[in-house]
Structures are given as structure tokens and as C-alpha cells.
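This report concerns only the one structure given below.
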Protein chains: 2
Amino acid sequence: MTLRKLRAARRNSAVGADDALQSAGSRDERKQRTRRALLDAALELMQGERSFSSVSLREVTRSAGVVPAAFYRHFTGMEELGLALVDDSFKTLRRSMREARAAALPATHLIRRSVETFLGYAQTHRRHFQFIAKERFGGSSVIRFAVRKEVHLFTSELSTDLARFPLAGKISTEDLQMIAGLVVQTVLMATEVFLDMPQNDPEDAAQLYQQTEKQLRLIFIGAQGWRSKGAGRG
Amino acid sequence: MTLRKLRAARRNSAVGADDALQSAGSRDERKQRTRRALLDAALELMQGERSFSSVSLREVTRSAGVVPAAFYRHFTGMEELGLALVDDSFKTLRRSMREARAAALPATHLIRRSVETFLGYAQTHRRHFQFIAKERFGGSSVIRFAVRKEVHLFTSELSTDLARFPLAGKISTEDLQMIAGLVVQTVLMATEVFLDMPQNDPEDAAQLYQQTEKQLRLIFIGAQGWRSKGAGRG
DNA sequence: CTTTATAGTGAACATACGTTCACAGTAAAT
DNA sequence: ATTTACTGTGAACGTATGTTCACTATAAAG
């Protein structure tokens with residue numbers, strides 16, 4: 001009894017100042033807020049060392065400031081949360097991509113600018129990008145395939161983008177997809193290495209920027225020399 | 001007392017037939033045998049769904065047919081076992097690479113043959129290759145960096161290999177490394193996708209073979225058109 | 001043959017886990 | 001104002017985990 005009251009009192013006083021933050025908004029807004037908290041917690045726990053499959057449900061709730069049972073009000077289990085993270089992550093990836101495209105439009109040093117903007121976004125949305133990189137090959141197959149599906153979609157987008165370039169005349173749609181795959185692969189790889197570097201070593205970062213830029217340039221040189229069977233023969 | 005005797009008897013009788021297998025060899029050979037069993041068990045448990053960091057020590061010992069405490073006679077913890085797996089995996093990778101190189105020597109359809117032999121080896125050593133693919137980006141940083149170091153080494157090997165090609169004249173050593181990186185990246189990626197495919201779908205497999213071959217061809221076309229700053233100007 | 005070194009045992013430990021349940025508090029609907 | 005719908009609580013459960021310890025059995029060394 002005394003114990004119960006005491007705990008309740010502690011809770012109230014602890015919340016106290018945050019009250020405006022904690023209990024603001026409609027019921028639905030608050031639900032979304034703890035949902036966010038769960039997603040954020042999961043991402044945060046993965047930082048650096050751990051993979052998604054090694055993060056426990058209880059850890060997530062603990063880190064989100066919620067009791068374990070509350071988890072089930074939002075997800076049926078960790079896998080569903082994982083899929084939600086895939087969604088979120090690719091939303092930011094696509095947003096980054098769009099902005100990188102816009103920034104690169106002047107087309108002088110197009111490749112360099114694209115790499116710079118993209119890796120810049122990767123840095124600001126570090127956790128999302130790292131999540132994608134980690135779960136692309138590791139962990140459960142359902143999450144892995146969800147990631148792969150999104151990467152494929154993303155590749156297709158880039159492929160239609162590439163089709164607008166003048167040199168694309170000799171290249172079949174299928175081969176454009178193949179080339180886009182190479183580009184995406186290269187950039188994603190670079191992104192993961194980049195995010196995994198000791199954060200205050202601009203030396204290595206610059207080297208990676210340069211190498212990635214070169215690799216993309218080489219790919220485009222290759223594309224220029226490419227001639228698909230049966231395409232552009234006329 | 002009776003219980004103890006009974007258990008001992010059961011153990012003896014259960015072993016019975018396998019006696020030659022279980023207890024053959026010197027003390028040291030037997031130790032190596034259970035060490036192998038532990039490594040194998042860990043790889044086996046990772047098959048398909050799980051990442052290394054989600055495999056528990058107890059699972060490994062259980063699956064290896066040994067009591068948990070016995071684990072510590074071989075490794076200080078799971079991380080050490082993980083590093084041993086990195087070692088093993090890259091030994092088979094390098095062996096595969098060497099043989100792929102030998103098989104490709106006739107140099108007609110060099111790329112196609114390399115891809116075929118390499119992916120062939122990947123299939124026979126599925127678990128090692130999958131381990132590498134998974135732990136390259138996921139899991140603990142110490143294992144991740146061990147994998148990355150080996151990949152780097154592997155890339156350097158390929159790079160000196162490429163230097164022997166005639167078209168390498170215009171390319172600086174540094175750029176050769178960059179190109180080798182692109183090649184390795186492409187092949188490893190393809191390998192993981194390949195091993196992750198529903199095993200009895202030769203349709204998709206063929207498509208992947210083709211796409212990978214094309215990507216490598218494009219890279220080599222790019223390399224042909226490449227001219228490093230300050231190299232081959234004379 | 002006797003002694004020594006050591007791979008594997010089995011029990012115990014404290015701790016963490018996922019999931020369940022009845023319940024409390026409170027927006028939203030009536 | 002009363003009822004309903006639902007997010008979050010706290011306790012409990014059975015099970016799994018990593019690590020320790022004294023032990024047994026037996027090759028290898030003396």
C-alpha cells in the first residue's frame with residue numbers, strides 16, 4: 001500500500017516537468033509517439049556493435065521507457081518492428097536520393113556532387129542507413145527480402161533516370177537496370193564503409209569519397225563503351 | 001549411485017558403434033575434433049535465418065554434442081569463435097579463388113568461366129561464404145573489421161593479378177586497387193544473392209550469372225577506357 | 001607402474017528473456 | 001454525465017542464457 005502510493009508519487013514527480021511533452025496531443029498522437037520511441041530505441045540499440053536480431057524486445061521497451069507488455073500494443077513482435085524500420089529507412093533513403101538528384105542537376109562534376117550529397121545525407125540519417133546496410137544480408141530472411149525488394153525498386157528508379165542521358169541510346173532497358181544495379185551497389189557499399197569509419201578521420205573519408213567517385217566514373221566510361229545486343233543497331 | 005552407474009552405462013552403450021569414430025586418435029586430435037564440431041555447429045545454426053550475434057553459446061555446445069562448460073576449453077567466448085570462423089572462411093575463399101584463377105587461364109570467355117567456377121565453389125562451401133557475407137556489415141565491429149581486412153587483402157591479390165593484363169599499362173597501382181575493389185564487391189554481392197536464392201530455381205540462377213558476367217564485362221570496358229593521372233603518359 | 005595434465009561433465013548461480021493477464025487511467029463516443 | 005475503447009501498468013510464468021566450480025576419466029609423461 002505505502003509502496004504502491006510511493007511509486008505512484010515518484011512517477012508523478014519524475015514526469016512532472018515533462019508533463020507537457022509526455023501527455024500532450026490526442027490519444028492517437030500519443031500512441032504514435034511511443035511507437036516512434038520504440039522504433040528509435042531499436043535503432044539506437046543497434047548502433048555500432050549489434051545486429052537487429054540480437055536486440056531483445058525487453059531492451060527496446062526498457063530503452064523506450066515503457067513496460068514490456070506495452071510493446072504488443074504496437075507490434076506483434078520484433079519482426080514486425082523490423083519491417084517498420086525497413087519502411088522508415090527507405091523513406092529517408094528515397095528522400096535523400098531525390099535531393100541528391102536535385103543538387104546534382106547543374107551537371108558540372110555531376111558524379112562528385114552526387115556522391116557528396118548522398119554521403120552527406122547518410123551521415124545525418126546515419127542510423128537508418130546503417131540499418132539498411134546491416135540487414136541487407138544479415139538477420140531474418142523476411143526482413144532481408146523486404147530490404148532487397150526496396151533496393152530493387154530503388155535501382156529501377158535510378159535506371160529510368162539513367163535512360164534520360166544521351167549515351168543511353170545504345171543500351172537496352174535490361175542492361176540499364178544492370179548498370180543501375182552496379183551503381184547502387186557501389187554507393188551502398190561506400191555508405192556502409194563510410195558510416196563505419198572512426199568519425200573524426202576526414203583523411204580516410206576523403207579517400208573514400210575519391211575512390212567512390214572514381215568507381216562511378218569508371219562505370220560510366222564502361223556504360224559509354226557498352227552496346228547491348230539488339231539495341232541501337234540502327 | 002544407481003543413477004550414476006546407469007547413466008554411465010547408457011553413455012557407453014550409446015557410443016558403442018561410434019566408438020572408433022569418437023575416441024580415435026590422440027588426445028590432441030580429439031580436441032581438434034570437438035573444436036571443429038563447435039565451429040561447424042555455429043555455422044550450421046546460422047544457416048538461412050540467423051546472424052552470428054544471435055547464436056548463443058549454449059546452442060552451439062548443444063548442437064555440437066558437448067556440455068556448455070566444455071566450450072571454454074576451446075574459446076574464451078563467442079567472439080573468439082567468430083574470429084576463428086573468419087579465418088576458416090577466408091581460407092576456403094582464397095582456395096576457391098586460386099582454383100578459379102587456374103580454371104580461367106585458357107582465357108577464352110575468361111570472365112564467364114571465372115564467374116561460373118567462383119559461384120560453383122560458393123555453392124559447395126555455402127556456409128563459409130554465407131558467413132562472410134553476413135558478417136561483413138552486421139554484428140560486432142571486431143569481427144566486421146576482421147572480415148574487412150581479409151577482403152582488403154583479397155582485393156590486393158586480385159589487383160596484382162590484374163596488373164599482368166596488357167591493358168593495365170595506363171593504370172596506376174592505386175587505380176588498379178580501386179578497380180579490383182569494384183570487381184570483388186560485385187562478385188561478393190552476387191555470391192550472397194546467389195546463395196540466398198531458392199535452391200531449385202536454375203532460371204533465376206542463370207539470370208544472376210548473366211547479370212554478374214555483364215557487370216564484370218562493363219567494368220573491364222571501363223578499365224580499358226581508363227587513364228590514371230600521371231600514369232602511362234609516356 | 002605411478003604421476004600429472006587436461007578435455008569433458010553435471011550441477012548450480014544469478015540474470016535475462018518472451019508472453020500472459022487482470023487491471024488502471026483516461027481520451028473519445030454516447 | 002455515463003459509457004466505451006484502448007494505451008500503458010505491474011506482476012507472474014516458464015524457459016534460456018553465460019559463467020563458475022569441483023568432479024571424472026584417461027592419454028601422455030615420468
Side-chain angles (χ1 to χ4, degrees), chain A residues 1-12 14-15 18-19 21-38 41-42 45 50 52-82 140, chain B residues 1 3-12 14-15 18-19 21-39 41-42 45 50 52-82 140:
Chain A
M1 302 201 178
T2 357
L3 205 117
R4 184 166 283 231
K5 275 190 182 175
L6 206 145
R7 223 179 290 148
R10 177 148 34 93
R11 177 144 37 94
N12 283 341
V15 172
D18 311 304
D19 212 311
L21 283 167
Q22 285 250 1
S23 60
S26 71
R27 204 183 191 67
D28 214 73
E29 283 171 328
R30 300 208 303 191
K31 177 165 187 183
Q32 293 309 312
R33 191 150 41 235
T34 67
R35 193 188 132 98
R36 272 287 134 126
L38 289 169
L45 287 164
R50 333 234 333 241
F52 180 71
S53 59
S54 75
V55 173
S56 75
L57 186 151
R58 280 180 110 103
E59 275 180 304
V60 171
T61 59
R62 203 181 306 136
S63 169
V66 141
V67 94
F71 183 95
Y72 298 101
R73 302 288 184 199
H74 301 272
F75 307 100
T76 63
M78 284 297 282
E79 182 168 286
E80 196 171 289
L81 185 148
S140 90
Chain B
M1 298 202 181
L3 206 117
R4 183 164 285 229
K5 275 189 183 174
L6 207 146
R7 223 180 288 148
R10 177 146 35 91
R11 176 141 39 93
N12 282 341
V15 171
D18 311 305
D19 213 311
L21 282 167
Q22 284 250 359
S23 59
S26 72
R27 203 184 192 69
D28 213 72
E29 284 172 328
R30 299 208 303 192
K31 176 164 188 183
Q32 292 310 313
R33 190 150 42 235
T34 69
R35 193 188 132 99
R36 271 288 133 120
L38 289 169
L39 291 166
L45 286 164
R50 335 234 331 238
F52 179 73
S53 59
S54 75
V55 173
S56 75
L57 185 150
R58 280 182 110 103
E59 275 180 304
V60 172
T61 59
R62 205 179 304 136
S63 168
V66 143
V67 94
F71 183 94
Y72 297 101
R73 303 286 183 200
H74 301 272
F75 307 101
T76 64
M78 283 297 282
E79 183 168 287
E80 197 171 288
L81 185 148
S140 89

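Please read these numbers as outputs of a predicted model, since none were measured by experiment. Throughout, a chain's letter reflects where its sequence line sits, starting with A, and its residues are numbered from 1.
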Nearest heavy-atom contact between A:H74 and A:R35 is ND1-CB, 3.8 Å
Using modelled atom types only, decide if a donor and an acceptor are shared between the side chain of A:E29 and the backbone of A:S26 within a distance under 3.5 Å.
yes
Separation of D:dG8 atom C1' from A:E29 atom CD, nearest Å, is 18 Å
Per nearest nucleotide of DNA chain D, the residue lying toward the 5' end, B:S26 or B:T76, is B:T76
Using only modelled atom types and a 3.5 angstrom limit, is any donor from either the side chain of B:R27 or the base of C:dT6 paired with an acceptor on the other? yes
Between A:E59 and A:S54 the two heavy atoms that sit nearest each other are OE1-O, 4.0 Å
note: B:D28, atom CG; C:dG8, atom P; distance rounded to Å ~ 11 Å
Whole-Å distance, A:L81 CG to C:dG18 P, equals 12 Å
Requested in this report: Indicate yes or no: at least one non-hydrogen side-chain atom of A:L57 is less than 4.5 angstrom from one of A:F75.
Outcome: no
Looking only at heavy atoms, the pair that brings B:R30 and B:G25 closest together is CG-O, 4.0 Å
Under 3.5 Å, which N/O atoms of the protein pair with N/O atoms of nucleotides 14-17 of chain D?
| residue | atom | partner | partner atom | Å |
| --- | --- | --- | --- | --- |
| D:dT17 | OP1 | B:S56 | OG | 2.9 |
| D:dT17 | OP2 | B:R62 | NH2 | 2.3 |

Margin query: Any side-chain to backbone donor/acceptor pair from A:S63 onto A:V60? Under 3.5 Å, distance only.
Written below: no
To the nearest 0.5 Å, atom OG of B:S56 lies from atom CE of B:M78 at 7.0 Å
When rounded to whole Å, the CD to C1' distance for the pair B:Q32 and C:dT6 reads 14 Å
Ignoring backbone atoms, test whether B:T34 places a side-chain nitrogen or oxygen under 4.0 Å from the OP1 or OP2 oxygen of C:dG8. yes
The correct set of residues in residues 65-74 of chain B placing a heavy atom under 4.0 Å from DNA chain D is B:P68, B:A69, B:Y72
Atom CD of B:E80 and atom C1' of D:dG18 are separated, to the nearest Å, by 16 Å
Of all heavy-atom pairs linking A:V55 and A:R50, the shortest is CA-NH2, 3.6 Å
Rounded to whole Å, CZ of B:F75 lies from P of C:dG8 at a distance of 11 Å
Result for 5'-nearest mapping on DNA chain C, choosing between B:K31 and A:G77, is B:K31
When rounded to the nearest 0.5 Å, the distance separating CZ of B:F71 from OG1 of B:T34 is 11.0 Å
Between CZ of A:R30 and C1' of D:dA5 the distance, given in whole Å, is 14 Å
